[in-house]
Structure formats: structure tokens, C-alpha cells
Peer 1: 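My structure is below; once you've seen it, I'll send some questions.
Worth saying up front: this structure is predicted, and the values here are computed from it rather than measured. Every heavy atom of this structure was used, including side-chain atoms; hydrogens, water molecules and symmetry mates were not. The chains referred to below are lettered A, B, ... by the order of the sequence lines, with proteins before strands, and numbering in each begins at 1.
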There are 2 protein chains.
Amino acid sequence: MTQQKPPPRQRPKRGVSMADVARLAGVSSQTVSRVSTGHPGVVGSTREQVLAAMKQLGYRPNSAARALKRGEFRTIGVTLFTLATTGNSRTVEAIASHAAEEGYAITLIPVASPTQDGLLGAFTRLGELAVDGVIVIMEVHLLDAVTVTLPPGAQVVVVDSDAGDRYTVVDTDQADGARQAVRHLLDLGHRTVWHLTGPAGSFASQRRADAWRAILTEAGRPVPEVRHGDWSAESGYHAGLELAADPECTAVFAANDQMALGLLRAFHERGRRVPDDVSVVGFDDIPDAASFIPPLTTVHQDFAAVGRLCVQAVLRQIRHQTTEPGTTLVPTRLVVRASTAPPRP
Amino acid sequence: MTQQKPPPRQRPKRGVSMADVARLAGVSSQTVSRVSTGHPGVVGSTREQVLAAMKQLGYRPNSAARALKRGEFRTIGVTLFTLATTGNSRTVEAIASHAAEEGYAITLIPVASPTQDGLLGAFTRLGELAVDGVIVIMEVHLLDAVTVTLPPGAQVVVVDSDAGDRYTVVDTDQADGARQAVRHLLDLGHRTVWHLTGPAGSFASQRRADAWRAILTEAGRPVPEVRHGDWSAESGYHAGLELAADPECTAVFAANDQMALGLLRAFHERGRRVPDDVSVVGFDDIPDAASFIPPLTTVHQDFAAVGRLCVQAVLRQIRHQTTEPGTTLVPTRLVVRASTAPPRP
DNA sequence: CCGCGTAATGTTTGCGTAAACATTGCCGGC
DNA sequence: GCCGGCAATGTTTACGCAAACATTACGCGG
């Protein structure tokens, strides 16, 4: 259907420029520019000619020149530690889709490690990067020390942080999610609820733990000692082994689904039946959660919404060249499956 | 320590350019350029002055101008359907890290849907994108119809495809992985092995299924009818319900870990014990697999290596402006856990 | 039928950088 | 002591695009 075979295209050492198109179409390069950018004031017949010439030569605007001229790159940078967590990868995916719809590309800036060095490296690179705005998916305090290296004028939106007083923050409503989880367990009749938290550096983890503690205190229930995990199923498993040994423990709220998975295995191995002997609630609602044994009751996060709101916020800021501190919370929803039940009398 | 507070930076409507630095340092802008690019021929004292001026003004090279001048963007595009699968997100992460080390940024190009329309949209965007090369993580035949829109001169490397005759292909050694899985089950004494495959469009899925069939045939074993899944645990669950009803079925090889998870749940619900009654092997070795009930025997993929090799390949091609057809396979390794055992006599 | 207004198109210019070429100044060999 | 040569630095130019300004041409009212 088309005239050339796919791969063995020889690069014409220098690309096709507007001048080439203009020459072929017999117009000035400015007219080509007008057609290319969709500006008005080009009569139909001329436009046709130009489009034909573009097609024939395989013209493609040079985005570097365009960016240089316009002073904007139409690109958003996304910084994060890892794509390995469901939350991050799903959020990034949503960001990428919505940015694409708006005509923006996204550039990934992975930070090797949460150390000062890793951060510095990443932000030095970032500083030289061609981005109009940045979405930071991490505790932003880590950023403070290195902010000076952000590209001049680049706007920042943050996920997983409490810096709503200084940045635009978009996040899942962690506290409400945790509240729903704990309330659900208490409503089922459990005396209290144990908690398995995420790594210390995560704001989401901390927020979930705070909310858990608050509800229990509010309800006048004893607050068991918190267990510390690192988001991994493995860490959930280890915590579960300990918890399984405590006959008092009839309900556990894990700060994410993967740790809940580890919990389920530990309880299974120790002969504590879920949900008969122990109830387990997770957080995230990863697709797999419905296939755990038993299917996991968990707090659903709307990562797509988080991504969409992030993009909208950065774009707004880029367009107005303003910073809009404030926090937008995305609601959560408890999904009740088979891992929770009333305690045995 | 630094002189300014993080967020409320007013964008100096026009950035600091080499000319500004040159003026302050009392040199020509070309000398600034030389310092900035690390070229030789600038004497120590001059260099110091320039660096000081840069620092004072907060100079940052304008990457658009640089790209325009040099004719390269130092950016690699990555096309994929979704980040939701472990394989994709892990591969992308590895790609991003290695590219960063080489001074290249990564631009994500998500393709909404595997339809002609979705592809066209993505590649039209891609065509205008500022990239020197592209890594395509999908069956590349989908690409053929639209290849003409790739940026001129951009080099392509492909994952999950058999187009090694036309493109550089980097992939996990799917066939060998499947072979190890099936061999393991046969060696344990199972008469034959059932297979749960991934979606039809995936080359990886197809390759695993082909290898499975080949080994069985080679060993003179009956080849059970293949079950079709879509990578999701849910689809594994449905397949599992059917398989559980067949008392002949004592060993299943699932094309990925998530479907294996669904299998485990189905067998559990139907009272078929794993591994006593049925053995299950997965593929991927996602971190959670070790915490399934029971811990899953699976084929470990080295996504980091895939990502690294992709980056090396594109960079090589970008630098030499050549296409190097050929396939590089990354070895796999069977990780034996608790979901496999000899069949009951 | 002249002149003015407006729509269509052309020309000039500059964005920030870095290659290519030009200039300066200093050192050493004869 | 003069000049060749080279190292350090300066000047010019072009990369491709698009805004700003300039020009053409055509139509219509007076």
C-alpha cells in the first residue's frame, strides 16, 4: 500500500525542512509553517499543494527547532524511585495517557536510590532536561535540598506527600481509605485491628498508619503495636508469622495488597484460617487481589484519577506559569471480598 | 545553604543564555560553550571564571537549542500497550536506568489499544517526537502498516517479536524457559502437561506455547488441548475451574505467574491440592510468586538484562546509523518452589 | 476608475548553541 | 631579533521554525 519497505530506510543525512517543502510546493517557508501549525489565512488550493509536498518529501517538523522557537517543550518529566509497585506503574501509565491526549510527552526520570546522591544525580539530569513541568512521585522533602537544579520555570506537582502548603499535591485519600478498612473490621465485631505498615519513607504508608491509630483511639479500642513492612509480600509473610502466634490477633489491616498476600500465606502455613480465625484487609486493590486465597477485601485506589489530576494540574500551572499550592484527594472505596468475617465468638 | 526557597521561584521570562554568562565572565559565548561541553583548549583560570558565572546566574544549557544544533535529542522513545504487566514495567524501568546512565532520557509512548487506530495515533505522535531511537515492546507486525511515520533516521529495537530478520530483537529466551518448565514437570513423573496460554497477539505467549507443544511431542507425550487466557489472574481462575474438573490433569504450565495465581485459587476452591494433586508452574517469577499459596515454581526472567541490552542495541544503532537485524536472547532460569511435586501413584 | 481595505502570501529576524573559521599573543629556534 | 607555529580565545554563521512585519493582489464603494 505504501511505497517503501519498513526498516532499511537510509537516513537522509539532513532531514527534510520547511524550506525543502516550500521549494517543492512553490511557496514560501512561512506558508509551510502556517499549514504545519494549522494557522488560518492559507487558501484551500495552496494548502493542498503544501500538504502534497509534505507528504511527498516525508516532511516532519523538527521538534527541537519548534521548542527553541516557542520556548516550550511539550514534555512533562516524571520522577520516581521505582515502577515495581503497582501504584507507581499504574499512576505513570495514567499520566502518560492523559499527557498524550493533551499533546504532551512524558519523560521518565528514575531515581536510583533514595539517597542524597541518587537524588542529586537524577535532578542534575532533570535540570538539563527539556521539560515544562515535573510530576514528582515521592516524598517531596527529599526534593528540598536539590530543588535549585529544577529547570527554570518548570512547574511541579507532587504525589505521595504532605507538602500541600507549598506544592500542588494530588493523592489518594489515604486517611479515608484506612478509615474504611478499619471501620469495616470493627463493624464486623473485632475488638481491635492490627496494622502492618509500609516503609518509613513513604508518606502514604505513614498516613495510613496514622488514620488506623486515630480510628482505634477514637473508638476507644486498644492500639496494638504496629508491624513494619516494606511493601513486599516477603515482609508481609514475616510479619504474618509473628502475628499468627498471637491468638489475640483476629483482624489485620495491611498497608498494601502485596503485604496482605504475605500475611495470607503466613496464616495459611500456621493453620490460622482466613477469614474464620483472622480477617485481613489490604490496600490498593491490585488486579490480582481478587484471586488471592481467599479473595482479598481491600481498599480500591483510583490510580487513573490520580494520574489524570496530576496532568491537569501541571498543565494548568505550565499554562499560567503559577504555582497553586493545595491538596487534591482522590476518594477510595472499600471492596469487600472473602478475607474478612466476624470473629469467632 | 543555598540562597533561595524552593517553590515560589518566579520564572525569569527568558532563561539565562550563554551570552549572559559570557558577559558576566567577560569572555565570548563560544568560550562558555567550550566550558559547558567540556571541550579542551580553555585555560584553567578562564574556566574557573566561566563556571563561577554559570553558577551565579544559574545557567542551564537549553536542550532545544542544543538538539537543534547537534541534530540529536539524546532521547529514546519506548512504545508499549500497558505498564500493567510486570514484564513491561520492569523492562521499562531497566531501560530508563540504563539510558540515564548513558545520558539519554526516556519518553513513554503508550498505545491506547492494539487497534489500527490506536497505533496510528501513537505513531503519529511518535513521528513528531524528539527521539533518536525507539524501543518497541510489542509484536512488531502491528508496526509495519505505520512505520512510515517513524522519525527520520530513528533506530528501532524490538521486544516480544520474531522480526529478528528485519529489526534488532532483544527478548527473553521464551522457548528455553518453557522447555525448562515442561521438562521439570515431566522429570517429576507427570505423564503430560496442560498449558494455559496468554493472549493471541503476544509473541511471547505464542512462543511459550510452541515450545510446550514441541517438548511434549518430542517426548512422545499426548498434547492436551491448550487453554486460552489473557495474562490476568481472573482468566487463570476460569481456566483452572475447568482443569480442576479433569482428573487426568496433574500438571499445568501457565504462561505467566498471574494466571498461575488464578489457577491456584481455582484448584484450592475445588479441593484439588497443589502440589499433591496438581502441579503448577508459572512464568516470570514476579516478586509475589514466592508468597503464593503454595509458593510458585516458575521460570525466572531477567527483565533487567532485557532492558539493558535494548538500550545498548539502540545506542549502538543510533551512533552508527545502522540497522542490525538479529535476535539476542536472554536466558531464563527455573526457580523450583513448592507448587510442583511428583504425581500421586 | 481611483483608492482603500483586507485577505493571502512573502521577507526578515532571532531563538541558544556550537562548528568553522579568524584573530591574538606568546614561545622557541635559527 | 625575527618569524613560524601553536595554544587560547573571539567572530561568524547556520541549525529549523515561527512571530513580526512587509508586500502583493483583489474587490468594492464612491
Peer 1: A/Asn88 side chain to A/Thr82 main-chain N or O, any donor-acceptor pair under 3.5 Å?
Peer 2: yes

Peer 1: Whole-Å distance between C/dT17 C1' and B/Glu72 CD?
Peer 2: 13 Å

Peer 1: Can you list every pair that meets side-chain hydrogen bond (donor to acceptor under 3.5 Å, both in side chains) and has a residue in residues 38-52 of chain A, with sequence neighbours left out?
Peer 2: none

Peer 1: How does protein reach along nucleotides 17-24 of chain D, written 5' to 3' as B (base within reach of a heavy atom under 4.0 Å), S (only sugar-phosphate), or - (no contact)?
Peer 2: BBBB----

Peer 1: Could you report the tightest heavy-atom contact between B/Ala96 and B/Ile106, atom names first, then the distance?
Peer 2: CA-CG1, 3.6 Å

Peer 1: When you check the phosphate oxygens OP1 and OP2 of C/dG10, does a side-chain N or O of A/Thr31 lie under 4.0 Å from one of them?
Peer 2: yes

Peer 1: Specify the closest pair of heavy atoms between B/Gly77 and B/Ile109, including all atoms of both residues, with the distance to one decimal.
Peer 2: CA-CD1, 3.8 Å

Peer 1: Which angle, rounded to 10°, do you find between the first-five-pair axis and the last-five-pair axis of the helix from C/dC1-D/dG30 to C/dC30-D/dG1?
Peer 2: 60°

Peer 1: Write down the distance between CE (A/Met54) and C1' (D/dG16), rounded to a whole number of angstrom.
Peer 2: 13 Å

Peer 1: In whole Å, I'd like the distance from the CZ atom of B/Arg23 to the C1' atom of C/dT17.
Peer 2: 15 Å

Peer 1: Checking the side chain of B/Asp160 only, and the main-chain atoms of B/Ile137 only, is there a donor and an acceptor separated by less than 3.5 Å?
Peer 2: no

Peer 1: Got a second to check how far A/Tyr167's OH is from A/Asp162's CG, nearest 0.5 Å?
Peer 2: 12.0 Å

Peer 1: Does either side chain, that of B/Ser36 or that of B/Arg66, offer a donor lying less than 3.5 Å from an acceptor on the other one?
Peer 2: yes

Peer 1: Hey, is the main chain of A/Ile318 close enough, under 3.5 Å, to the side chain of A/Gln321 for a donor-acceptor pair?
Peer 2: yes

